[in-house]
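Accompanying notes for the structure given below.
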2 protein chains.
Amino acid sequence: MPYTSLKKGRLADDVTNQIKEAIFGGKYQAGEKLPSEHELVELFGVSRVIIREAIRNLEQAGLVEIRRGPKGGAFIKSRNHTAVTQVVRDHFRLAKGTVKEIMEVRLEIEPIVAGLAAERATPGDLQLLKRNIDAQPQTPGRQTIEGNLDFHRLLARCAHNPIYEMIINILLDFSQELIINILPPGQILHDTTTHPELYRLIKDRDIQGAQTTMHSHLKDVIPLMRAAEEKSRESNRYPNSTS
Amino acid sequence: MPYTSLKKGRLADDVTNQIKEAIFGGKYQAGEKLPSEHELVELFGVSRVIIREAIRNLEQAGLVEIRRGPKGGAFIKSRNHTAVTQVVRDHFRLAKGTVKEIMEVRLEIEPIVAGLAAERATPGDLQLLKRNIDAQPQTPGRQTIEGNLDFHRLLARCAHNPIYEMIINILLDFSQELIINILPPGQILHDTTTHPELYRLIKDRDIQGAQTTMHSHLKDVIPLMRAAEEKSRESNRYPNSTS
DNA sequence: ATAATGTTATTTGTTATACATTTATATAGA
DNA sequence: TCTATATAAATGTATAACAAATAACATTAT
């Protein structure tokens with residue numbers, strides 16, 4: 001067969017990829033605006049439907065954010081993991097995943113990340129960690145939860161590896177969702193000692209110490225998560241399936 | 001403000017979520033077909049534009065696959081990680097990630113997974129592993145690469161944790177892409193001993209052994225991956241940025 | 001009969017046009 | 001100065017028509 005198949009895919013996908021490459025290539029910076037739909041129609045020579053579909057694809061990929069009205073349009077987003085989390089969440093629901101499985105992963109990976117943080121944290125990183133700890137209120141509440149989880153996110157940044165950072169962020173998104181929406185504030189874990197200790201270990205570049213401390217810290221969190229899952233199951237008595 | 005804001009988002013997102021819930025709730029099984037666009041228009045009482053956008057969202061999420069023509073439509077896909085990989089790939093490119101970072105993660109996580117596999121592999125799992133090993137050709141080539149990586153994917157399934165499975169699959173997709181597209185077949189690693197040994201260790205439930213063997217196995221792979229990245233950089237002399 | 005070919009109908013892909021909704025900005029009035 | 005209103009710019013939605021792909025059927029030729 002000397003002839004190559006020239007079956008072209010959908011126009012919108014083509015447009016999507018071209019704009020993606022432009023973004024990755026640095027043609028558009030975060031905060032900048034893509035041309036308006038009308039302008040893109042003329043640029044690409046396709047109909048508005050196609051352009052709109054391409055832009056929605058970019059939005060789903062978490063690359064742009066669409067605002068309406070004059071001065072509106074598709075604005076380039078800075079790097080964020082929301083789109084990844086969303087897709088993973090669907091995948092996870094389809095796989096009928098459980099908290100046990102999430103925590104099993106966190107229990108192994110977060111110590112590794114804590115170790116890398118102890119190895120690589122910059123002075124700026126340490127400052128962010130310290131600020132997080134100092135900002136923790138004395139009485140437990142919703143803010144406590146978010147602050148606690150943010151500490152873990154910051155730790156992932158300290159590891160200076162975007163893959164680890166992404167994995168951690170996804171797992172924490174799941175955890176946060178469960179805890180905040182399900183558990184009453186009184187029932188949350190209020191541990192004011194572990195994070196400061198982790199901070200100290202990282203500052204002292206104690207890799208082993210950071211790893212083991214994180215591991216035992218997470219072991220304490222597991223029953224809390226299981227409780228949240230239990231509550232979630234109670235309020236969500238699986239109403240579907242045959243509808 | 002006692003009244004909840006009833007600023008409703010976009011219609012398409014609403015439709016998307018409703019169909020998603022139907023899928024997660026088991027109303028549609030893998031392989032089944034959603035109603036046609038025309039039928040959905042009548043069901044939801046919105047225009048075809050909206051319905052099409054919703055279906056495209058589902059497609060981007062990896063939940064359905066669209067076929068044209070009579071008997072065509074949106075077919076429910078069985079669980080697969082392609083959508084996750086795609087979104088992560090974009091995220092990764094935006095973060096300007098490197099092979100070094102991918103391998104750093106694989107080097108730590110795959111041993112954990114191998115250990116879990118040794119702990120949990122069922123007789124059926126073991127059979128699949130054995131079949132993979134036996135199917136490996138004696139002469140190195142493209143099939144060798146795919147077979148090798150598939151062994152790792154199978155191992156992830158043996159761990160019986162969908163999160164680990166997903167993480168591994170993403171990392172392997174990246175690795176596969178690099179190696180297959182970049183490296184000439186002659187330059188690939190042709191190791192006929194490690195996978196059989198891993199298989200034996202898992203069958204014998206030797207958790208420690210599986211972990212350490214996997215770790216050293218991956219250490220051997222790293223230089224290969226770095227070489228692939230190097231070649232990739234050569235052929236891709238960053239033509240973009242000002243276009 | 002069978003294989004190649006043409007026809008038809010169904011479903012998604014694309015275009016065009018008009019109108020609705022949101023919202024930043026300018027304008028007018030108190 | 002402040003508030004209300006009008007204006008215009010951009011995305012959101014609806015409708016209608018046609019294009020293209022393709023499965024099933026009908027026709028023709030061998």
Side-chain angles (χ1 to χ4, degrees), chain A residues 1 3-20 22-23 28 31-77 83, chain B residues 1 3-20 22-23 28 31-77 83:
Chain A
M1 259 203 280
Y3 301 108
T4 62
S5 164
L6 34 88
K7 158 168 68 170
K8 53 197 165 195
R10 286 181 294 204
L11 289 178
D13 292 342
D14 191 2
V15 174
T16 305
N17 286 328
Q18 286 197 48
I19 300 180
K20 264 190 194 174
I23 294 174
Y28 298 106
E32 278 187 69
K33 189 172 86 74
L34 291 185
S36 71
E37 291 179 353
H38 180 66
E39 290 169 305
L40 288 172
V41 163
E42 303 212 325
L43 273 173
F44 283 97
V46 295
S47 75
R48 196 180 156 208
V49 177
I50 302 299
I51 295 297
R52 283 180 59 77
E53 189 179 323
I55 292 179
R56 302 315 256 280
N57 286 342
L58 296 173
E59 190 193 28
Q60 290 276 314
L63 295 175
V64 306
E65 172 196 353
I66 300 173
R67 293 203 283 269
R68 296 180 66 175
K71 305 285 183 179
F75 292 81
I76 310 293
K77 290 177 71 169
Chain B
M1 258 201 282
Y3 300 109
T4 62
S5 164
L6 17 105
K7 152 170 74 166
K8 50 197 166 197
R10 287 180 294 206
L11 288 178
D13 292 342
D14 192 3
V15 174
T16 304
N17 287 328
Q18 287 197 47
I19 300 180
K20 264 190 194 174
I23 294 174
Y28 299 106
E32 278 187 67
K33 188 172 87 72
L34 290 186
S36 71
E37 291 180 354
H38 180 66
E39 290 168 303
L40 288 172
V41 163
E42 303 212 327
L43 274 173
F44 283 96
V46 295
S47 75
R48 198 180 157 208
V49 180
I50 303 298
I51 294 297
R52 283 180 59 77
E53 188 180 323
I55 293 179
R56 303 312 256 281
N57 286 343
L58 295 173
E59 190 193 28
Q60 289 278 314
L63 295 175
V64 306
E65 173 194 354
I66 300 171
R67 293 203 282 269
R68 294 180 65 176
K71 304 285 181 182
F75 292 80
I76 310 293
K77 291 178 71 169

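Labels below follow one simple rule: chain letters A, B, ... track the order of the sequence lines, proteins then strands, and each chain is numbered from 1. These figures come from a predicted structure and were not determined experimentally.
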Protein-nucleotide distance (Leu40(A), atom CG; dT14(C), atom P), rounded to Å: 16 Å
With sequence neighbours excluded, what pairs up with Asp13(B) under the salt bridge (Lys or Arg N to Asp or Glu O under 4.0 Å) test? Arg10(B)
Find the distance Ile51(B):CD1 to dT14(C):P and express it as a whole number of Å. 18 Å
Closest approach of Phe75(B) to Lys71(B) (non-hydrogen atoms, all atoms of both residues): CZ-O, 3.4 Å
note: Phe75(B), atom CZ; dT22(D), atom P; distance rounded to Å ~ 13 Å
Across nucleotides 8-17 of chain D, 5' to 3', mark each nucleotide with B, S or - according to how protein heavy atoms within less than 4.0 Å reach it. -BSBBBBB-B
Salt bridge (Lys or Arg N to Asp or Glu O under 4.0 Å) assessment of Glu59(A) paired with Arg56(A): CA-CA 5 Å; Glu59(A) 190 193 28; Arg56(A) 302 315 256 280; 3.8 Å; yes
State plainly whether the residues Arg48(B) and Glu37(B) are in salt-bridge range, i.e. N to O under 4.0 Å. yes
Interatomic distance, Leu58(A) atom CG to Thr16(A) atom OG1 [nearest 0.5 angstrom]: 5.5 Å
